[in-house]
Amino acid sequence: MNSYLEIIVQDISKAYSPGITAAEILKDVSPASRPEILAAELNGKQIDLSAPITEPGKLDFISVNTPKGLEILRHSTAHIMAQAVKELFPEVKVAIGPAIADGFYYDFDSPRPFTPEDLEKIELRMKEIVKSKLPFRKVVLPRGEAIQFFKELGENYKIELIEAIDADEVNLYSQGNFTDLCRGPHIPVSSAVKAFKLTKVAGAYWRGDERNRMLQRIYGTAFPSKDELKRYLELLEEAKRRDHRKLGKELDLFSISEEAGPGMVIWHPKGAMLRYLIEEFERKEHLRRGYQMVVGPQILKRELWEKSGHFDNYRENMYFTTVDEIDYGIKPMNCLSHMIIYKSRIRSYRDLPIRYFELGTVHRHEKSGVLHGLLRVRQFTQDDAHILCTPDQLNDEILGIINFVKDVMGIFGFDYTMELSTRPEKSIGSDEDWDRATTALEKALQALDLPYEINEGDGAFYGPKIDIKLTDALSRSWQCATIQCDFTLPERFGLTYVDADGTRKRPVMIHRVVLGAIERFLGVLIEHYAGAFPLWLAPVQAMILTITDRTDSYAAEIAETLRSHDIRVDLDLRNEKIGFKIREARNQKIPYMVILGDKELETQSIAVRKRGQDSTVTVDLAQFINALNQEISMRSF
RNA sequence: GCCGGGGUAGCUCAGUGGUAGAGCAGAUGAUUCGUAAUCAUCAGGCCGUGGGUUCAACUCCCAUCCUCGGCUCCA
């Protein structure tokens, strides 16, 4: 047995006695105090600074200013919160408390829900704990003893967690009088927490399963410094300003009326113009890529939904109605009529691929608690297409769609992530078909060298899918584009084509949307642009403002000319000061203001003020129209 | 759907048992004005809905609808 350990620290190999701690090595290599170091990593495994080291290897220190360090800080802050809660409310039982993307949470089983006042109290108690510099101590216990320990405390959730752990020993961490089951590592001492805040309380099911008891979850966040915490909170404020529901009201784009029904969007003139522009864009882009436009009915006979499998697998999301004693289902998807169109005549292999495109409006019964502005609604319009092709054409078609999505996202300037979702529990079709379809999707992603994640069991009931997700102002991600392979519906509907050898073969179907739902896409788009749409999408492109009523008729003339050049203009002829009118046009985020006074009338010119600029430029009208048309054709700011 | 917060004028919000308020928006009048809010006057409310308690309810209780946050991150 060696009497020393060889440790490579900061690229230098040094010899230490076994049992030395990371904290001691830190002191050795860096005599100055290093409070930003929270933990260490030995041969890639995270350890506490106080952990005795018994094996040689490479030692790295984890600073609070790295993602790993921040996660440790937040996780430890969750423990401090749990300690504070147990001290204030001893009857509460603790469940789990991990670090998450923007902070941490801890779930509690409390006889009564926490109030905002409770949060304040808990926060105060946490500050005291931080101040009292409690060390975090790790204890390793045999499973049985750990179970016994938590049994005495009545912490049955912890017992359940230990029972699920497949190991002889478990780690416990204590700070002060609070002990928690935890993998660690943790900060060395509670005073390492420099800035934190509790943000919200919410219900959460134990282990995320709605059949389980609902616990009380407290969310919070922690940062290395007060400044960083402040910046984060300011970011949240900015996100609120960008919220599409707020902007939708302020810019008079849409409303959702209690009278009309939840999850039903009512588009006001400016919002309807936005939709019109997006839909026109979509039609052009699809025609350009070899799609054909089709239109199907809003309700189809229930029998057909039974045949497709929707009735068995999707019924709880569907609405039904009866007409002349015949049952109908209101469509939650557009595929059925597309299949009927395909079946309307005999298809040759020479006809394939066939790409049917429909801006199809669907209804889905979403659970009441999940509705959310434009992002989750019950009636929406998809830019939906169904591609029917031979198995040989499948890969190229998928590549074509992914490239289509990339082009479109590029135009709007979106970042996105891709996920491959595999077979869910509730599904139809053979394992072979699922494998084939999943492989086809995966191969396409790999061929394009795109990063993606795998989402086990999250596919549609008829096939696997690639989802493209966009994020909203609060960095919540929303599925927009999706590409789904389907071998089952062509089978169920008996779709065939005549192949070169004269035999009938089964086509493959791809369901796909590019923007997804127009409603959701516009919701994300509003937040993406913070309501300041690029010229080609702005419902009002130019606002004409008059200084006195002496220029009213000149303004009308200018407006008419602009309209005749397809520029969307509004006039503000009100008896108000120019500063007031400019303020309103600014708040409405209109790309161009055209300001007309005596000077402009005299010289037959216009004064143009561009969004985001504080000064005007005097130009003649023809020049202005040219510049606008150029900007519109560029489809960018 | 579940847990918690909320619903008062078109909008944003104040009002905790004794007949309902502000700012902005609106209407009217004055002002004709050069780059983020001119002044004055007026009007506007089954206090989400239904029921109950009370001499009396926006306020307390029950139900219901809508809305907001969360229910994905695994010691």
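Chain identifiers are assigned alphabetically (A, B, ...) following the order of the sequence lines, protein sequences preceding nucleic acid strands; residue numbering begins at 1 within each chain.
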**Request:** Could you check A:Phe624 against A:Tyr592 for ring pair (Phe, Tyr, Trp, His ring centres under 6.0 Å), going step by step and ending with a plain yes or no?
**Result:** CA-CA 10 Å; A:Phe624 181 57; A:Tyr592 287 96; 5.6 Å; yes
**Assigned partner base of B:U16, Watson-Crick or wobble definition, under 3.5 Å** = none
**A:Leu181, nearest nucleotide to its side chain (from B:A75, B:C71, B:G7)** = B:A75
**Counter-base of B:C2, judged by Watson-Crick or G-U geometry with both distances under 3.5 Å** = B:G70
**Request:** Looking at every strand, decide which applies to A:Tyr173 at a 4.0 Å heavy-atom threshold: base, sugar-phosphate, or nothing.
**Result:** nothing
Under 3.5 Å donor-acceptor pairs involving side-chain atoms of residues 253-260 of chain A, not counting sequence neighbours:
{"unit_1": "A:Ser255", "atom_1": "OG", "unit_2": "A:His268", "atom_2": "NE2", "d": "2.7"}
{"unit_1": "A:Ser257", "atom_1": "OG", "unit_2": "A:Glu259", "atom_2": "N", "d": "3.0"}
{"unit_1": "A:Ser257", "atom_1": "OG", "unit_2": "A:Ala260", "atom_2": "N", "d": "3.1"}

**Request:** Can you tell me the pairing partner of B:G34 across any strand shown, Watson-Crick or G-U wobble, with both distances under 3.5 angstrom?
**Result:** none
**Item:** A:Arg611 side chain to A:Phe533 backbone, donor-acceptor under 3.5 Å
**Value:** yes
**Message:** Need one value for A:Ala99: base, sugar-phosphate or nothing, where a base atom within 4.0 Å counts as base even if backbone is also close, heavy atoms only.
**Reply:** sugar-phosphate
**Request:** Searching all strands shown, indicate the nucleotide that pairs with B:C39 (Watson-Crick or G-U wobble; both distances under 3.5 Å).
**Result:** B:G29
**Complete:** A:Tyr219 has its side chain closest, among B:C74, B:G70, B:U67, to B:G70
**Message:** Using only atom types and a distance under 3.5 Å, with no angle test, would you say the side chain of A:Thr221 pairs donor to acceptor with the backbone of A:Lys197?
**Reply:** no
**A:Arg315 charged N/C atom sitting above A:Phe311 aromatic ring, 6.0 Å / 45°** = yes
**Request:** Could you label the plane-to-plane angle of the A:Phe223 and A:Tyr232 rings as parallel, tilted or perpendicular, counting under 30° as parallel and over 60° as perpendicular?
**Result:** tilted
**Prompt:** Base, sugar-phosphate, or nothing: which does A:Glu366 touch, judged by heavy atoms less than 4.0 Å apart?
**Reply:** nothing
**Message:** So A:Gly208, base contact, sugar-phosphate only, or nothing? Heavy-atom distance under 4.0 Å.
**Reply:** sugar-phosphate
**Fill in**
On RNA chain B, more 5' by nearest nucleotide between A:Gly261 and A:Cys182 is A:Gly261
**Asked** Base, sugar-phosphate, or nothing for A:Leu545, non-hydrogen atoms under 4.0 angstrom?
**Response** nothing
**Message:** Go nucleotide by nucleotide along RNA chain B from the 5' end; which of A:Glu210 and A:Ser615 gets its closest nucleotide reached first?
**Reply:** A:Glu210
**Message:** Could you check whether the side chain of A:Gln216 and the base of B:G70 have a donor-acceptor pair of N or O atoms closer than 3.5 Å, going by distance alone?
**Reply:** no
**Request:** Identify which nucleotide among B:U35, B:U32, B:C74 has an atom closest to any side-chain atom of A:Ile96, counting heavy atoms from C-beta outward.
**Result:** B:C74
**Prompt:** Does A:His372 make a side-chain N or O approach to OP1 or OP2 of B:G69 shorter than 4.0 Å?
**Reply:** yes
**Prompt:** What is the ring orientation for A:Phe136 with A:His79, classed by angle as parallel under 30°, tilted 30 to 60°, or perpendicular over 60°?
**Reply:** tilted
**Prompt:** When the aromatic ring centroids of A:His528 and A:Phe414 are compared, is their separation below 6.0 Å?
**Reply:** yes
Would you tabulate the pairs of protein nitrogen or oxygen atoms and nucleotide nitrogen or oxygen atoms of nucleotides 36-44 of chain B closer than 3.5 angstrom?
{"unit_1": "B:A36", "atom_1": "N7", "unit_2": "A:Arg586", "atom_2": "NE", "d": "2.7"}
{"unit_1": "B:A36", "atom_1": "N7", "unit_2": "A:Arg586", "atom_2": "NH1", "d": "2.8"}
{"unit_1": "B:A36", "atom_1": "N7", "unit_2": "A:Arg586", "atom_2": "NH2", "d": "2.7"}
{"unit_1": "B:A36", "atom_1": "N6", "unit_2": "A:Arg586", "atom_2": "NE", "d": "3.0"}
{"unit_1": "B:A36", "atom_1": "N6", "unit_2": "A:Arg586", "atom_2": "NH2", "d": "2.2"}
{"unit_1": "B:A37", "atom_1": "N7", "unit_2": "A:Arg583", "atom_2": "NE", "d": "3.4"}
{"unit_1": "B:A37", "atom_1": "N7", "unit_2": "A:Arg583", "atom_2": "NH1", "d": "2.9"}
{"unit_1": "B:A37", "atom_1": "N6", "unit_2": "A:Arg583", "atom_2": "NH1", "d": "3.4"}
{"unit_1": "B:A37", "atom_1": "N6", "unit_2": "A:Arg583", "atom_2": "NH2", "d": "2.6"}
{"unit_1": "B:A37", "atom_1": "N1", "unit_2": "A:Arg583", "atom_2": "NH2", "d": "2.8"}

**Asked** Side-chain donor-acceptor pair under 3.5 Å between A:Tyr106 and A:Asp180, yes or no?
**Response** yes
**Asked** So what does A:Ala204 touch, heavy atoms closer than 4.0 Å: a base, only the sugar-phosphate, or nothing?
**Response** sugar-phosphate
**Request:** Once you apply the 3.5 Å cut-off to both distances, tell me the Watson-Crick or G-U wobble partner of B:G23, or none.
**Result:** B:C11
**Given B:G69, B:C71, B:C65, the nucleotide with the shortest approach to the side chain of A:Met214** = B:C71
**Message:** Under 3.5 Å for both donor-acceptor distances, Watson-Crick or wobble: does B:U49 have a partner, and if so which one?
**Reply:** B:A63
**Item:** Listed nucleotide nearest any side-chain atom of A:Ile256, set B:U67, B:U35, B:A75
**Value:** B:U67
**Asked** Which heavy atom in A:Lys589 sits nearest to a heavy atom in A:Leu247, and how many Å separate them?
**Response** CE-CD2, 3.9 Å
**Message:** In whole Å, I'd like the distance from the CD atom of A:Gln83 to the C1' atom of B:A75.
**Reply:** 17 Å
**Request:** Ignoring backbone atoms, establish whether A:Tyr105 has a side-chain N or O less than 4.0 Å from OP1 or OP2 of B:C73.
**Result:** yes
**Prompt:** When you measure from the side chain of A:Leu371, which nucleotide among B:C71, B:U35, B:U67 comes out closest?
**Reply:** B:U67
**Complete:** Looking only at B:C33, B:C71, B:G34, the nucleotide nearest the A:Arg550 side chain is B:C33
**Request:** May I have the distance from A:Glu160 (atom CD) to B:C74 (atom C1'), rounded to whole angstrom?
**Result:** 12 Å
**Request:** Kindly point out which of B:C66, B:C71, B:G69 is positioned nearest to the side chain of A:Val370?
**Result:** B:C71
**Message:** Please report the distance, rounded to the nearest Å, between NZ in A:Lys367 and P in B:C65.
**Reply:** 16 Å
**Message:** I want to check one thing: is the phosphate of B:C68, taken as OP1 and OP2, less than 4.0 Å away from some side-chain N or O of A:Arg245?
**Reply:** yes
**Request:** Would you mind classifying the nucleic acid contact of A:Lys158 as base, sugar-phosphate or nothing, using non-hydrogen atoms under 4.0 angstrom?
**Result:** sugar-phosphate
**Request:** Would you mind pulling out the nucleotide paired to B:U54, Watson-Crick or G-U wobble, both distances under 3.5 Å?
**Result:** none
**Request:** Measure from CG on A:Asp572 to C1' on B:C33 and round the result to the nearest Å.
**Result:** 14 Å
**Item:** Spacing between A:Asn212 atom CG and B:G70 atom P, to the nearest angstrom
**Value:** 21 Å
